[in-house]
Amino acid sequence: MSLCLPRLKSSQISGDLNCLPKMLASWSFASISFFQPPAFLMIGIPGLEAIHGWISIPFSSMYTVALAGNCLILLAVRRTPSLHQPMYYFLSMLALTDVGLTLATMPTTLAVFWFDRRLIGFNACLVQMFFLHFFSVVESSVLLAMSFDRFVAISNPLHYASVLTNNVIIRIGLTIVARATVSLFPLPFLLKRLNFCPGKILLSHSFCFHADVMKRACADITVNIIYGLYVVLSTVGFDSLLIALSYTLILHTVMSLASPRERIRALNTCVSHILAVLVFFIPVIGVSMIHRFGRHLPPVVHALVAYVYLVVPPVLNPVIYSVKSKPIREAMLRVLREKRKG
């Protein structure tokens, strides 16, 4: 099935197209009217294949920072009783989601950059695609829950603990997971029903993205486009509107405070969350705009924006919260000191 693939070179991706006919011929689909490729071929970063080895260094560093930073937050919250509060429980959800998002893309990305392993099975591609989008939707929902947490803390501080009890937080977490699962569960099956083009197995990234995979089909993808748009609008789009509404109400509450010092103190509790929202939603908007209106842009632009969307938020979120939140920073340092002593 992959007689040509062992000879693939990072600096010769354009030559891979010459190898495809032999590979496709070995799949024996000439008499089959419905075709699904046994595997897709991932490109990595188009046009930069010759320096994939060098590109792997910053990517490996970012993945290391993302995993280490988010796991450190989880340990810090777990081992520090004073952090057993709703705000930090939601932060733990965000850190756990970032770990999942990192692990969803890291294996195939590093396989392409390190070992030039470009093949991914069709079903494995659908599984990766599901979890990649699943954790993205979960992250959006967690950021919405965190904005609700800030709204309750600022507008009704006396009842904060009674409103956001442990049971309520658990229910919010389960609702977030259920919402993402129900929204994204149909996506793999909508792709499996499509007839794919035998000569269109090259993906534009080192991971499986829904918009990228569905464009490899030779069938009508209207249903996929409409459902994909519905998922984006009903999850990330809806969440962004509610987050904006939350901060509108927060600003209204803050402006009603008599003391300027109290206003600044209240807004300071929101800075970390606002930065996390911007770090997540700005790349989301960029990816959406480029996939719909940036077809004339070079493929490398599409790839780099997708990497920013998936890799950068898990890297920056631990940095943001460790810098802006003194309790989190102290707890993380305490965990590191305990590790060194141990």
Single-linkage hydrophobic cluster, 4.5 Å side-chain cutoff, Val142 and Leu242 together: yes
Geometric class of the Tyr247/His273 ring pair [parallel <30°, tilted 30-60°, perpendicular >60°]: parallel
Heavy-atom pair with the smallest gap, counting every atom of Val213 and Cys125: CG2-SG, 3.8 Å
Verdict with reasoning, Leu101 to Val138, per side chain to side chain contact (heavy atoms under 4.5 Å, CB included): CA-CA 10 Å; Leu101 188 59; Val138 168; over 6 Å; no
Thr235 side chain near Ser140 side chain, heavy-atom distance below 4.5 Å: no
Lys200 side, atom NZ; Cys218 side, atom SG - distance, nearest 0.5 Å: 5.5 Å
Considering all heavy atoms, the nearest Phe151-Leu249 contact: CE1-CB, 3.5 Å
Separation of Phe113 CZ from Thr109 OG1 (nearest 0.5 Å): 6.0 Å
Aromatic ring pairing Phe207/His205, orientation class (parallel under 30°, perpendicular over 60°, tilted between): parallel
Side-chain donor or acceptor of Gln128 paired with backbone N/O of Cys208 under 3.5 Å: yes
Ser322 (side chain) donor-acceptor with Val319 (main chain) under 3.5 angstrom: yes
Atom of Gly44, atom of Val112 and distance for their closest heavy-atom approach: CA-CG1, 4.0 Å
The single option from Leu91, Leu94, Val99 passing side-chain contact (heavy atoms from CB on, under 4.5 Å) against Ile73: Leu91
Polar side-chain atom of Asp98 near backbone of Asn70 as donor-acceptor pair, under 3.5 Å: no
Linked, directly or transitively: Leu184 and Tyr227 (ILVMFWY side chains, under 4.5 Å): yes
Side-chain donor/acceptor of Ser240 to backbone N/O of Gly237, under 3.5 Å: yes
Side-chain H-bond candidate by donor/acceptor type, Arg193 with Asn224, under 3.5 Å: yes
N/O donor-acceptor pair under 3.5 Å between Asn195 side chain and Phe35 backbone: yes
Geometric class of the Tyr63/Phe59 ring pair [parallel <30°, tilted 30-60°, perpendicular >60°]: tilted
Test log, rule side chain to side chain contact (heavy atoms under 4.5 Å, CB included), inputs Leu103 and Phe131: CA-CA 9 Å; Leu103 293 177; Phe131 281 108; over 6 Å; no
Non-hydrogen atoms of Ile154 and Ala266 that approach each other most closely: CD1-O, 3.6 Å
4.5 Å side-chain heavy-atom contact, Leu164 and Met87: no
Same cluster (ILVMFWY, side-chain, under 4.5 Å), Leu96 and Leu83: no
Within one Ile-Leu-Val-Met-Phe-Trp-Tyr cluster: Ile243 and Phe148, side-chain cutoff 4.5 Å: yes
Side-chain touch Glu139/Pro313, heavy atoms, less than 4.5 angstrom: yes
Side-chain heavy atoms of Pro327 within contact of Thr80, under 4.5 Å: no
Within 6.0 angstrom of Arg263 CZ, more than 12 heavy atoms from elsewhere: yes
Check against side chain to side chain contact (heavy atoms under 4.5 Å, CB included), Glu338 and Leu75: CA-CA 11 Å; Glu338 290 175 357; Leu75 285 173; over 6 Å; no
Aromatic plane relationship, His84 with Tyr89 - under 30° parallel, 30 to 60° tilted, over 60° perpendicular: parallel
Side chain to side chain contact (heavy atoms under 4.5 Å, CB included) between Leu74 and Ser92, worked out: CA-CA 6 Å; Leu74 291 171; Ser92 296; 3.9 Å; yes
Arg179 versus Ser141, side-chain donor and acceptor atoms under 3.5 Å: yes
Any donor-acceptor N/O pair, Ser183 side chain to Ala180 backbone, under 3.5 Å: no
Residue pair Asn167 / Thr165, side-chain donor-acceptor N/O under 3.5 Å: no
Asp149 (side chain) donor-acceptor with Ala145 (main chain) under 3.5 angstrom: no
Check: Leu41 main-chain N/O paired with Arg118 side-chain donor or acceptor under 3.5 Å: no
Val300 and Ile45, any side-chain heavy atoms less than 4.5 Å apart: yes
Reported CG-to-CD distance for the pair Leu126 and Gln36, which is rounded to 0.5 angstrom: 8.0 Å
Minimum heavy-atom distance between Met42 and Leu119, given as atom pair plus value: CE-O, 4.2 Å
Aromatic plane relationship, Phe122 with Phe40 - under 30° parallel, 30 to 60° tilted, over 60° perpendicular: tilted
Arg329, CZ atom: more than 12 neighbouring heavy atoms under 6.0 Å: yes
ILVMFWY network linking Met214 to Ile290, side-chain heavy atoms under 4.5 angstrom: yes
Exam field: side chain Ser136 to backbone Leu132, donor-acceptor pair closer than 3.5 Å: yes
Heavy-atom side-chain proximity of Leu144 to Ser147 below 4.5 angstrom: yes
Donor on one side chain, acceptor on other, Arg216 and Ser204, under 3.5 Å: yes
Main-chain N/O of Pro188 paired with His210 side-chain donor or acceptor, under 3.5 Å: no
Residue pair Leu190 / Leu194: nearest heavy atoms and the distance that separates them: O-CG, 3.5 Å
Spatial distance of atom CZ (Phe280) from atom CG (Asp239) [nearest 0.5 Å]: 8.5 Å
Atom pair CD1/CG of Ile320 and Leu275 - distance to nearest 0.5 Å: 5.0 Å
Point-to-point distance, once rounded to the nearest 0.5 Å, from OG1 of Thr105 to OH of Tyr309: 11.0 Å
Donor on one side chain, acceptor on other, Asn268 and Lys324, under 3.5 Å: no
Close side-chain approach of Val287 to Phe209, heavy-atom, < 4.5 Å: yes
Between Ser82 and Tyr88: side-chain donor-acceptor atoms closer than 3.5 Å: no
Note, Leu67 side chain near Met106 side chain (heavy atom, < 4.5 Å): yes
